[in-house]
Student: 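Would you mind keeping the following structure in view while I ask a few things?
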Amino acid sequence: MVLTWATVIGTRFGNADFWAYHPGRIWSKIVVRILLLRIHVEGREHLRPDEQYIFMSNHQGAFDIFLIYGYLNRNFKWMMKYQLFSIPFVGATCRAARHISVDKRSPQKVKKTYDDAREVLSNGMSIVMFPEGSRSRNGEMGMFKRGGFLLAKELNIPIVPLTIKGSYEVMSKDKDMHFAVNRPLRLTIHEPILPSSYGDKDIKELMAETFSVIHSGL
């Protein structure tokens with residue numbers, strides 16, 4: 001509730017980009033520290049402070065959110081399932097922060113998702129997405145969806161693969177109502193992949209390369 005009010009009021013009356021990001025970042029760090037989770041981040045040197053990226057991560061569990069939000073150290077917008085916008089407080093926070101709702105229920109809603117993502121990227125903001133689309137059921141990586149890769153190619157924005165390790169053990173998809181298990185969490189930030197180095201018809205190769213890089217960090 002505190003996070004929601006801070007984000008809603010801050011984005012309306014203050015610097016929208018600041019208040020859309022930093023309350024969530026602080027909230028994530030508080031949760032991680034209360035649970036005494038050990039965090040290790042490597043690869044921040046691969047990011048340039050003046051460049052925007054499309055961050056693509058594997059999706060092991062609920063604590064992926066806390067790890068990326070709290071420790072990527074990069075202002076960004078989430079691309080997230082539209083169902084999350086209907087959760088009390090969570091939805092209000094996400095709408096105020098102008099995160100991107102991924103909705104595939106109709107062609108019109110798909111178009112709006114792409115239009116919203118283009119607008120965010122065209123304004124110089126980075127985005128974070130999980131190309132698998134949902135959390136892993138067994139800790140292994142699933143197949144990637146094409147949407148984010150098509151955007152990266154269209155706008156020629158570098159893709160930064162992220163590897164999360166340990167989140168499945170902390171809280172897997174089938175244990176959302178259980179207490180978190182104390183396990184170390186690791187976030188690996190890989191070198192950017194330039195979509196321009198792939199031909200117009202090489203989306204599959206771009207997807208395969210991103211998958212391979214993320215998987216290598218496991």
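Please read these numbers as outputs of a predicted model, since none were measured by experiment.
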Student: Hey, is the main chain of Gly217 close enough, under 3.5 Å, to the side chain of Arg186 for a donor-acceptor pair?
Tutor: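 At least one qualifying donor-acceptor pair exists.
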Student: Where is the tightest heavy-atom contact between His40 and Glu42, given as atom of each residue plus distance?
Tutor: NE2-OE1, 3.2 Å
Student: Is Pro131 close to Phe149 at the side-chain level, that is, under 4.5 Å between some pair of heavy atoms?
Tutor: yes
Student: How long is the straight-line distance from CG of Leu84 back to OG1 of Thr93, given to the nearest 0.5 Å?
Tutor: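 It is 11.5 Å, given to the nearest 0.5 Å.
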Student: Answer with yes or no whether the hydrophobic clustering places Ile65 together with Ile26; edges join I, L, V, M, F, W, Y residues whose side-chain heavy atoms lie under 4.5 Å apart.
Tutor: no
Student: Distance check, rounded to the nearest 0.5 Å: Leu187 atom CG versus Leu67 atom CG?
Tutor: 4.5 Å
Student: What's the shortest heavy-atom distance between Ala20 and Tyr69, and which atoms?
Tutor: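 In this case the closest contact between Ala20 and Tyr69 is O-OH, 3.5 Å.
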Student: With a 4.5 Å heavy-atom cut-off, do Lys109 and Tyr82 have their side chains touching?
Tutor: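 Lys109 does not reach Tyr82 side chain to side chain.
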Student: Pick out which of Ile30, Val31, Val32, Leu37 makes a side chain to side chain contact (heavy atoms under 4.5 Å, CB included) with Ile34.
Tutor: Ile30
Student: For the pair Asn15 (side chain) and Phe18 (backbone), establish whether a donor and an acceptor sit closer than 3.5 Å, ignoring hydrogens and angles.
Tutor: yes
Student: Does some side-chain heavy atom of Met80 sit less than 4.5 Å from a side-chain heavy atom of Ser101?
Tutor: no
Student: Nearest 0.5 Å, please: how far is CG in Leu121 from CD1 in Ile54?
Tutor: 5.0 Å
Student: Should the ring pair Phe63 and Phe66 be called parallel, tilted or perpendicular, given that the plane angle runs from 0 to 90° and is split at 30 and 60?
Tutor: tilted
Student: Keeping Lys77 on the side-chain end and Ala97 on the backbone end, is there a donor-acceptor pair under 3.5 Å?
Tutor: yes
Student: Would you say the ring centers of Tyr53 and Phe76 fall short of 6.0 Å from each other?
Tutor: no
Student: Run Arg25 and Asn75 through side chain to side chain donor-acceptor pair (under 3.5 Å) and show every step you take.
Tutor: CA-CA 9 Å; Arg25 179 170 178 259; Asn75 200 332; over 6 Å; no
Student: Are Met207 and Leu150 co-members of a hydrophobic cluster defined by side-chain heavy atoms under 4.5 Å apart?
Tutor: yes
Student: With a 4.5 Å heavy-atom cut-off, do Thr188 and Lys165 have their side chains touching?
Tutor: no
Student: Using the rule that two of Ile, Leu, Val, Met, Phe, Trp, Tyr join whenever any of their side-chain heavy atoms come within less than 4.5 Å, decide whether Trp78 and Ile87 are in one cluster.
Tutor: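 Looking at the clustering, Ile87 is in the same group as Trp78.
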Student: In a table with atom names and distances, give each donor-acceptor pair under 3.5 Å that connects a side chain of residues 137-148 to protein atoms at least two apart or in another chain.
Tutor:
{"from": "Asn138", "atom 1": "OD1", "to": "Ser136", "atom 2": "OG", "distance (Å)": "3.3"}
{"from": "Asn138", "atom 1": "OD1", "to": "Glu140", "atom 2": "N", "distance (Å)": "2.9"}
{"from": "Lys145", "atom 1": "NZ", "to": "Glu132", "atom 2": "O", "distance (Å)": "3.1"}

Student: Go through Leu47 and Glu51 one step at a time and tell me if the side chain to side chain contact (heavy atoms under 4.5 Å, CB included) criterion holds.
Tutor: CA-CA 8 Å; Leu47 304 180; Glu51 187 156 6; over 6 Å; no
Student: To the nearest 0.5 Å, what is the distance between OG1 on Thr7 and CZ on Arg95?
Tutor: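 Taking OG1 in Thr7 and CZ in Arg95, the distance rounds to 12.5 Å.
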Student: Can you confirm whether Leu206 sits close enough to Ile193 that some side-chain heavy atom of one is under 4.5 Å from a side-chain heavy atom of the other?
Tutor: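 A side-chain contact under 4.5 Å exists here.
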Student: Could you check whether any side-chain heavy atom of His190 comes within less than 4.5 Å of a side-chain heavy atom of Leu162, counting everything from C-beta outward?
Tutor: no
Student: Answer yes when Glu119 and Arg98 have at least one side-chain N-carboxylate O distance shorter than 4.0 Å, and no when they do not.
Tutor: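 Judged by the 4.0 Å cut-off on N to carboxylate O distance, Glu119 and Arg98 do form a salt bridge.
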Student: Please lay out, stage by stage, how Val120 and Met125 fare under the test side chain to side chain contact (heavy atoms under 4.5 Å, CB included).
Tutor: CA-CA 6 Å; Val120 167; Met125 182 66 69; 3.7 Å; yes
Student: For the backbone of Arg105 and the side chain of Asp103, can you confirm whether one donor and one acceptor N or O come within less than 3.5 Å of each other?
Tutor: yes
Student: Side-chain heavy atoms nearer than 4.5 Å, only ILVMFWY residues, links allowed to pass through others: does that put Leu194 and Ile203 together?
Tutor: no
Student: Taking C-beta and beyond as the side chain, do Asn182 and Leu36 meet within less than 4.5 Å on heavy atoms?
Tutor: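 Yes, at least one pair of side-chain atoms sits under 4.5 Å.
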Student: Applying the 4.5 Å side-chain criterion to the ILVMFWY set and letting contacts propagate, would Val8 and Ile100 be lumped into a single cluster?
Tutor: no
Student: When you measure from the side chain of Glu191 to the backbone N and O of His46, does any donor-acceptor pair fall under 3.5 Å?
Tutor: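 Checked: no pair found.
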Student: Test of understanding: with side chain to side chain donor-acceptor pair (under 3.5 Å), list the residues that count as partners of Asp115, not counting sequence neighbours.
Tutor: Lys111, Arg118
Student: Which atom pairs, donor and acceptor, lie under 3.5 Å between side-chain atoms of residues 55-62 and protein residues at least two apart or in another chain?
Tutor:
{"from": "Asn58", "atom 1": "OD1", "to": "Ile164", "atom 2": "N", "distance (Å)": "2.7"}
{"from": "Asn58", "atom 1": "ND2", "to": "Ile164", "atom 2": "O", "distance (Å)": "2.9"}
{"from": "His59", "atom 1": "ND1", "to": "Asp64", "atom 2": "OD2", "distance (Å)": "2.7"}
{"from": "Gln60", "atom 1": "OE1", "to": "Gly166", "atom 2": "N", "distance (Å)": "3.1"}
{"from": "Gln60", "atom 1": "OE1", "to": "Ser167", "atom 2": "N", "distance (Å)": "3.2"}
{"from": "Gln60", "atom 1": "OE1", "to": "Tyr168", "atom 2": "N", "distance (Å)": "3.3"}

Student: For Arg12, is the CZ atom crowded, meaning more than 12 foreign heavy atoms sit under 6.0 Å from it?
Tutor: no
Student: Considering all heavy atoms of both residues, which atom of Ile159 and which atom of Pro195 are nearest to each other, and what is their separation?
Tutor: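 Closest heavy-atom pair between Ile159 and Pro195: N-CD, 4.5 Å.
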Student: Taking atom CH2 of Trp19 and atom OG1 of Thr11, what is their separation to the nearest 0.5 Å?
Tutor: 10.0 Å
Student: To the nearest 0.5 Å, tell me how far Leu185 CG sits from Ile68 CD1.
Tutor: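 Nearest 0.5 Å value for the CG-CD1 distance: 11.0 Å.
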Student: Would you check if Val41 and Tyr71 make a side-chain contact, meaning some heavy-atom pair closer than 4.5 Å?
Tutor: yes
